[in-house]
Amino acid sequence: MRAGLLTEVIKVEKPVTTIDEFGASYTRWETFIGKTKAQVTYTSGNRVNENNEIIFAYEVVFTVRIYHQIDERMRIIWKNKKYRILSLEENKALQSLTIKAELINE
């Protein structure tokens with residue numbers, strides 16, 4: 001993998017489920033990887049009308065080095081936007097991890 005292609009800085013967060021004193025569980029996000037370099041490629045984007053609300057849906061591919069222990073439950077923050085991980089693909093020959101993600105509309 002060419003290091004010069006890793007031009008964008010991303011942050012990876014993992015979910016932590018906790019139970020409060022009343023027995024209710026909730027998920028909070030804590031930083032798993034504070035800052036790492038990635039190659040970012042847009043694959044698709046469109047405008048969707050859901051419940052009379054216009055939502056912009058984007059799919060992005062992030063490529064990082066293979067040694068990061070990222071799984072599908074985590075999320076990526078890039079340019080102050082949150083992305084849900086859809087799939088992971090390891091390429092041992094290039095020592096890279098390809099992450100397909102979609103924009104989370106909040």
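- Note on Val12 and Ile85: same hydrophobic cluster, where clusters join Ile, Leu, Val, Met, Phe, Trp and Tyr whose side-chain heavy atoms are under 4.5 Å apart, directly or indirectly.
- Between Lys92 and Glu90, the shortest heavy-atom distance links the atoms NZ-OE1, 3.7 Å.
- Taking CE from Met74 and NE2 from His68, the interatomic distance works out to 11.5 Å, rounded to the nearest 0.5 Å.
- Residues forming a salt bridge (charged side-chain N to carboxylate O under 4.0 Å, His left out) with Lys37 (at least two apart in sequence, or on another chain): none.
- Linking Ile, Leu, Val, Met, Phe, Trp and Tyr residues whenever their side-chain heavy atoms come within less than 4.5 Å places Ile76 and Ile33 in a single cluster.
- Across all their heavy atoms, Leu6 and Gln39 have their closest contact at CD2-N, 3.6 Å.
- When the side chains of ILVMFWY residues are joined at heavy-atom separations under 4.5 Å, either directly or via intervening members, Tyr42 and Phe62 end up in a single hydrophobic cluster.
- Taking all atoms of both residues into account, the shortest heavy-atom contact from Leu88 to Ile99 is CD2-CG1, 3.5 Å.
- Residue Lys11 holds its NZ atom at 3.5 Å from OG1 of Thr31, rounded to the nearest 0.5 Å.
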Walk me through it: do Val9 and Thr36 pass the test side chain to side chain contact (heavy atoms under 4.5 Å, CB included)? CA-CA 6 Å; Val9 177; Thr36 189; over 6 Å; no
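- A single hydrophobic cluster is not seen to contain both Ile66 and Val61; linkage of ILVMFWY side chains at heavy-atom distances under 4.5 Å, directly or through other members, places them apart.
- Contacts classified as side-chain hydrogen bond (donor to acceptor under 3.5 Å, both in side chains) and involving residues 76-88 (residues at least two apart or in different chains) are given here: Glu8-Trp78, Lys82-Glu106, Arg84-Glu102.
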Go through the steps for Leu97 and Asn91 under the test side chain to side chain contact (heavy atoms under 4.5 Å, CB included), then give the verdict. CA-CA 6 Å; Leu97 177 65; Asn91 187 338; over 6 Å; no
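- Residues forming a salt bridge (charged side-chain N to carboxylate O under 4.0 Å, His left out) with Glu59 (at least two apart in sequence, or on another chain): Lys100.
- Without hydrogens or angle criteria, Asp20 side chain to Phe22 main chain gives a donor-acceptor distance under 3.5 Å.
- Note that the CG atom of Asn105 and the CZ atom of Phe56 stand 9.5 Å from one another [nearest 0.5 Å].
- Every residue two or more places apart in sequence or in another chain was checked for a side chain to side chain donor-acceptor pair (under 3.5 Å) with Thr98, and none qualifies.
- Residues near Tyr26 contribute nothing to a hydrophobic cluster around it, because no ILVMFWY side-chain heavy atom sits closer than 4.5 Å to its side chain.
- For Lys35, the salt bridge (charged side-chain N to carboxylate O under 4.0 Å, His left out) criterion is met by no residue, not counting sequence neighbours.
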Could you go through Val40 and Val60, starting from their C-alpha distance and side-chain angles, then the distance that decides it, and tell me whether this counts as side chain to side chain contact (heavy atoms under 4.5 Å, CB included)? CA-CA 7 Å; Val40 180; Val60 180; 3.3 Å; yes
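- Grouped with Val48 in a hydrophobic cluster is no other residue, since no side-chain heavy-atom contact under 4.5 Å to another Ile, Leu, Val, Met, Phe, Trp or Tyr is found.
- For the pair Gly45 and Tyr58, the tightest heavy-atom approach, listed with the atom from each and the gap, is CA-CD2, 3.8 Å.
- Arg28 is linked by a side chain to side chain donor-acceptor pair (under 3.5 Å) to Glu30, counting only residues two or more places apart in sequence or in another chain.
- By the 4.5 Å side-chain criterion applied to Ile, Leu, Val, Met, Phe, Trp and Tyr, Leu94 is assigned to no cluster and stands alone.
- Not counting sequence neighbours, the partners of Asp71 by the salt bridge (charged side-chain N to carboxylate O under 4.0 Å, His left out) test are Arg73.
- Legend: residues meeting side chain to side chain contact (heavy atoms under 4.5 Å, CB included) with Ser25, ordered by chain and number and at least two apart, are Thr17, Ile19.
- Remark: Glu13 pairs with Arg75 by the side chain to side chain donor-acceptor pair (under 3.5 Å) rule, at least two apart or across chains.
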